[in-house]
Chemist: 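Sharing a structure here in structure tokens format.
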Number of protein chains: 2
Amino acid sequence: MDRGGLSRGIHRSSETVVGIDDVARAAGVSTATVSRALSGRGPVSTTTRDRVLATADRLGYVVSAAASSLATGRARAVGVVVPFLDRWFFSTVLAGISDALVRQGYDITLYSVSAEPAERRRVFDDHLRRRRIDAVITIAIELDAEESASLRGLGVPIVAIAGPNPLLTTLTVDDLAVGRLATAHLIERGHRNIVHIGADASSNAGSSVPALRRRGFEETLAAAGLSARAVEPADFTIEGGSAAAARVLAGDDRPTALFAASDEMAIGAILTARERGLRVPEDLSVIGIDGHELGRWFGLTTVDQFARGQGERAAEAALAELDGATPAHGRGTLPFELVDRGSTAPPAF
Amino acid sequence: MDRGGLSRGIHRSSETVVGIDDVARAAGVSTATVSRALSGRGPVSTTTRDRVLATADRLGYVVSAAASSLATGRARAVGVVVPFLDRWFFSTVLAGISDALVRQGYDITLYSVSAEPAERRRVFDDHLRRRRIDAVITIAIELDAEESASLRGLGVPIVAIAGPNPLLTTLTVDDLAVGRLATAHLIERGHRNIVHIGADASSNAGSSVPALRRRGFEETLAAAGLSARAVEPADFTIEGGSAAAARVLAGDDRPTALFAASDEMAIGAILTARERGLRVPEDLSVIGIDGHELGRWFGLTTVDQFARGQGERAAEAALAELDGATPAHGRGTLPFELVDRGSTAPPAF
DNA sequence: CTGTTAGCGCCTTCAG
DNA sequence: CTGAAGGCGCTAACAG
């Protein structure tokens, strides 16, 4: 009669959804026992548990998230806050988070915050505060004081990826070091005239990812006794990188190398360079940051930051904190690695 | 005293979260009135409503999703089921969904289903059935009978994007027509020797997106009296398109044009063609499908299917159905448009 | 080990 | 228009 596991997914399509008391009745026990058997919390005899589990399975019972959440205070869901969904870095990190969360039976609730202030405020003041989530992961979100306080007020673990915030548990690569590494790579190959494509020097006092990468560039340049060339601002898209490169390459004092703060900008720069008949790396070296899959097709040298792994680690950190682990406030160290694919070489002149 | 809107986001960080009865007490009314005032359902005098609203705002009250959901049966969240998060089409559609949903105050719960059967089953049998969502949107998910039944059993609106399922409300471009359009474009330019890169002819009896595109290709070829060349199977990635093109171009009977069933494959094909010293479109015409942003950088001619718009429309359709609109079972028509960017031209020989 | 009994926080008839 | 009260479905003490 009981077809055990085989019956999963094949439920009689009864009118109403089966509830915990349907299971209790069918198994001849109380709802409390069903709850204990299913959750694994609290003592239940093996025989009873097996019977309850089989019954629940047969009936296709699934706990109501709302009811369970209301009773326990746990939602079995993690909120993820992102500024963009359709850019490589974010969707890749998200994929990593999703992997790790699904493994643990958690759902993921997505909060995409635009730059639009009113909408952004709604996300922080309303959506995130509905107590629908047990933890929050932010990806490269720069929080103002209010937003930061609002998040903290949630009273749940918060893990920030790629957005160094001294007040939050932060998981991020050392972007200053990344900026240095990429710059040193170019200097070692003999470049003296390097332009950085990324954050405007005037923006962000210094803690944002783009600003850190730029500072790594400037510091390394200075340490090598080279004068820092003006930084060419761009928005981290292929398009932005392309436009920035166009401006830079049009000038009379053409650099021998470009250091783009993201692979997408680096790719844009390569495309523009090619359009102008410049060979990479013979006439122009280009290095990026990210480890974007596309880089491979352009032979792009880059500093890989293992985006997918960042997502997985953030999810694990969030769940660990939920399980009582002490929040590692301050900066967590994430790995990065230079991948030389050939778009950098000594300057020809 | 009451700083009105200015106070939003600045809440006294009291020990416990403020609940509906805190608001009721502070406003000098009953919880029922607060509920009515905030939800807009049920009669409340203007004065009372304003006072309640101001109080709620001042206290930073936000309804508990769990409690509200338990009482109303509505979760104010929509589930989105995707096979991949880190591929252009999916993340772009997702961005569109997110836009539309946030506008209506809905949260989005993400269900990323891998190919791994056990995990996939858990998503359909457990996660999706926790009654956490008011509607489901699937993106290019091919459902087997059980999964389809499981979804239907949820008793919520279901909108399928890019996965024509006669049993579900489906929003998809007419992929057969898209396949025909792209093929006709090549034939009109004089191509007689065209290879299709996409779904293997042997796979999928015919209703999947890749299969429909291939059939559009074959039908149009046949209608023009051309013999259908073997289709070159590939997995819709740049890498797959590149490999497929490599196999095709290595043969002795080199085609004059390639029709790739996705822009990513088309780009892979272009990259490979270039590597082999072939000029596009002089030596080889290439056309793709999607409207991928990257296509612009390769001068790729494509059939744009407006992915972001698809997401928005799916979200709107789902919400409309929630509001009582009749589910438009069968196939909804979504726009598509040929964008000629120059990667197709008459064959040189 | 198991059953009974309060709620979790909000919504919604039903009276007033 | 407003308040009182039961209940949404489940869990967590507390008894037994």
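Per chain, numbering begins at 1; letters A, B, ... match sequence-line order.
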Chemist: Taking the side chain as everything from C-beta on, heavy atoms only, tell me whether Asp107(A) gets closer than 4.5 Å to Arg76(A).
Modeler: no
Chemist: Can you pull out how bent the helix from dC1(C)-dG16(D) to dG16(C)-dC1(D) is, comparing the axes over its first five and last five pairs, to 10°?
Modeler: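 It works out to 40° between the end axes.
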Chemist: Applying side-chain contact (heavy atoms from CB on, under 4.5 Å) between Thr138(A) and each of Leu151(A), Ile161(A), Val80(A), Thr170(A), report the one that passes.
Modeler: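 When side-chain contact (heavy atoms from CB on, under 4.5 Å) is applied between Thr138(A) and each of Leu151(A), Ile161(A), Val80(A), Thr170(A), only Leu151(A) qualifies.
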Chemist: Less than 4.5 Å apart, side chain to side chain, heavy atoms only: is that true for Leu319(A) and Tyr106(A)?
Modeler: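 They are in side-chain contact.
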Chemist: Could you tell me the boundaries of the chain A footprint on DNA chain C, defined by atoms under 4.0 Å from its heavy atoms?
Modeler: dC1(C) to dG9(C)
Chemist: Treat primed atoms plus P, OP1 and OP2 as sugar-phosphate and everything else as base, then score nucleotides 6-16 of chain D 5' to 3': B for base contact with protein heavy atoms under 4.0 Å, S for sugar-phosphate contact only, - for none.
Modeler: --BBBBBB---
Chemist: Is any side-chain heavy atom of Phe90(B) less than 4.5 Å from a side-chain heavy atom of Leu85(B)?
Modeler: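 Phe90(B) vs Leu85(B): side chains apart.
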Chemist: Against the six-membered ring of Phe84(B), is Arg87(B) placed for a cation-pi contact (under 6.0 Å from the centre, within 45° of the normal)?
Modeler: yes
Chemist: Determine, for Glu147(B) against Arg120(B), whether the closest basic-nitrogen to carboxylate-oxygen distance falls under 4.0 angstrom.
Modeler: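 Looking at Glu147(B) and Arg120(B), the cut-off is met.
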Chemist: So do Phe124(B) and Val113(B) actually touch side chain to side chain, heavy atoms under 4.5 Å?
Modeler: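 Sidechains of Phe124(B) and Val113(B): in contact.
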Chemist: Using a heavy-atom cut-off of under 4.0 Å over every strand shown, decide if Ser69(A) touches base, sugar-phosphate, or nothing.
Modeler: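 No contact.
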Chemist: Could you tell me if the side chain of Arg131(B) sits less than 4.5 Å from the side chain of Leu154(B), heavy atoms only?
Modeler: no
Chemist: May I ask you to test the Val123(B)-Asp126(B) pair for a side-chain heavy-atom distance under 4.5 Å?
Modeler: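 Answer no - side chains too far apart.
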Chemist: Taking only the side-chain nitrogens and oxygens of Thr33(B), find out if one of them lies under 4.0 Å from OP1 or OP2 of dG3(D).
Modeler: yes
